[in-house]
Amino acid sequence: MKTKKLLPLVLCSAVLLSIGGCKSNSPLTQNTVLPVATSVEEQLYRPNFHFTPKKGWMNDPNGMFYANGYYHLFYQYYPDGNKWGPMHWGHAISKDLIKWEEQPIAIYPDNDKYIFSGSAVVDTHNTSGFGVGNKAPIVAIYTLHDMTKEKENKIDVEQQDIAYSNDNGFTWQKFEQGNPVVKNPGIRDFRDPKVTWDEAHKQWIMVLAAQDRSQFYKSKDLKNWEYASDFGKNIGAHGGVWECPDFFQIKVRGSNETKWVLIQSLNPGGANGGSGTQYFIGDFDGTTFTLDSNFAKRVAQEKAVWIDYGKDNYAGVTWNNIPNADGRRLFIGWMSNWEYAQQVPTNAWRSSTTIAREIQLIKKGDNFSLISNPVKEINEYISKTIKGKSLKGEGKLSMLKAGKIDLTQAIIEFNLKNLKQDTYTFTLSNAVGEFLTFGLNNSDHYLFLDRSKSGKTDFSDKFVGSFTKATLEGNQLEGAFKIILDKTSIEIFYNNGEKVITEIFFSNQPFTSISASSNEGIEISNLVINQLDTNKNQ
Ligand code: FRU
């Protein structure tokens, strides 16, 4: 029977793993009283410009939308512990996707009924009827997860509920009289609704994760939902339970052709172990999502196509209601991995988000792919630049000497020239002999990242494991790197975002220099190292 076969997978899903590695402990017993952050922890590990809650546990980004000059970010939040626990929706706002201001908690759980991941839409035409006066209501759609039912091993643990806001997303009322808006149909893992407006068919579309597939529902009013279709049972990566989908229409860059993109996280089974996020490109007729035929071939060949090949970009989804005049598709992920997120060496808070990214759809020949790049707003914070350097030589070349630029808030860009069948290694290092390497293996055509000597690693044996690898298809010869560095994270955007690697690390002192090496000599052009000052504009 289907459900029986899936049960072991289901029992080890992110949620249960996160509350104690498939043990039966209650999440509450796992959490200690939150220690106050020491200034050492603050100084060494509180990111300079990636969002972290001031205290407590955070996982997935939720319910992102733009309204009235603010980007809203909600997130899975447990304020009273530094491990996963009773889920709330935390809240932060930003005017530029870089500097975030934490807000009061947006949605609270009712005792054992936790508020899991979901989305929010600006209901411009008041289809829901929640609006007051002329003001568009904001409607949040999320999974209500019943812990009592979970402990009783019931199947119908998860259902989709809604809440609404009449003050642009700052305070929320649960739709008590109408919830659930989607009942559990007999599927144990049935969660993380992402709702989007489908202009072509004048309807709301909800995609949610249903164990080993994505499911689509449709609605005219956000309250009454009709099942539409399934996608993905035997397609793509299936090493773990599917979670946190996203679904949107996007134009091919530089053309008027549009496609639909399905983003689908899963845990475990990611590109380099643990949590990961794959995507699919195709068409949508208002009911069914059909994979583009060339993309289907790629999925079959590569097993899965990932939005990020690093270990630390999970459950990422995109903002709703970005104005047409802007037109970007903006994405943010949770910068951690369920394999070790609850053990990372911070105490007062745990986890941060990735840098916000612009996602674009590109087409080469008949092949579509997504590229991701840091949002351009980050450039507003550049406070110092070392520029225009070309380097050529053998052995180890210094790209930046200690002290010239603060590498805990920096953007590094460069191009590798005249690539040979060689391995190009870049090393970030500090004064206490710790280092992190990344680079390009141009014989076997892959990017790599190795954090095994980067500082604290022994809090989990999963944190190091094997080094991270991202296989390159085709045009690897461009050798263009853009790297965003914060105190505990590196985000590598290769060839204008065609391949991305995001990973966290916990060095005992900040990395201060970077060097390059290869066997047969190395040539670097257009080296630009920017320092960021995120206290600017305060
Ligand atoms: C993904 C996830 C979601 C769920 C949430 C619970 O990380 O497991 O599927 O809604 O976390 O916090």
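Values in this document were obtained by computation on a predicted structure and should not be read as measured data. Both counts, for ligands and for their atoms, begin at 1 and track the order of listing.
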Location of contacts on [X] toward ligand 1, heavy atoms closer than 4.0 Å:
| X | answer |
| --- | --- |
| Y314 | side chain |
| W334 | neither |
| N59 | side chain |

Are [X] and [Y] near enough that their ring centres are under 6.0 Å apart?
| X | Y | result |
| --- | --- | --- |
| F506 | Y45 | yes |
| Y75 | W100 | no |
| F295 | Y279 | yes |
| H91 | Y77 | no |
| Y217 | W225 | no |

- Query: For ligand 1, is T143 a contact, meaning one of its heavy atoms is under 4.0 Å away?
  - Reply: no
- Query: Is Y114 near ligand 1, meaning one of its heavy atoms is under 4.0 Å from it?
  - Reply: no
Proximal atoms of ligand 1 relative to [X] (non-hydrogen, under 4.0 Å):
| X | result |
| --- | --- |
| D192 | 3 (C), 4 (C), 9 (O), 10 (O) |
| F116 | 4 (C), 6 (C), 10 (O) |
| M87 | 12 (O) |
| S117 | 5 (C), 10 (O) |
| Q76 | 5 (C), 6 (C), 12 (O) |

- Query: Cation over ring, K469 on Y446, under 6.0 Å and within 45°?
  - Reply: yes
- Task: Tell me, please, whether F463 has K456 positioned over its six-membered ring: NZ or CZ under 6.0 Å from the ring centre and within 45 degrees of its axis?
- Result: no
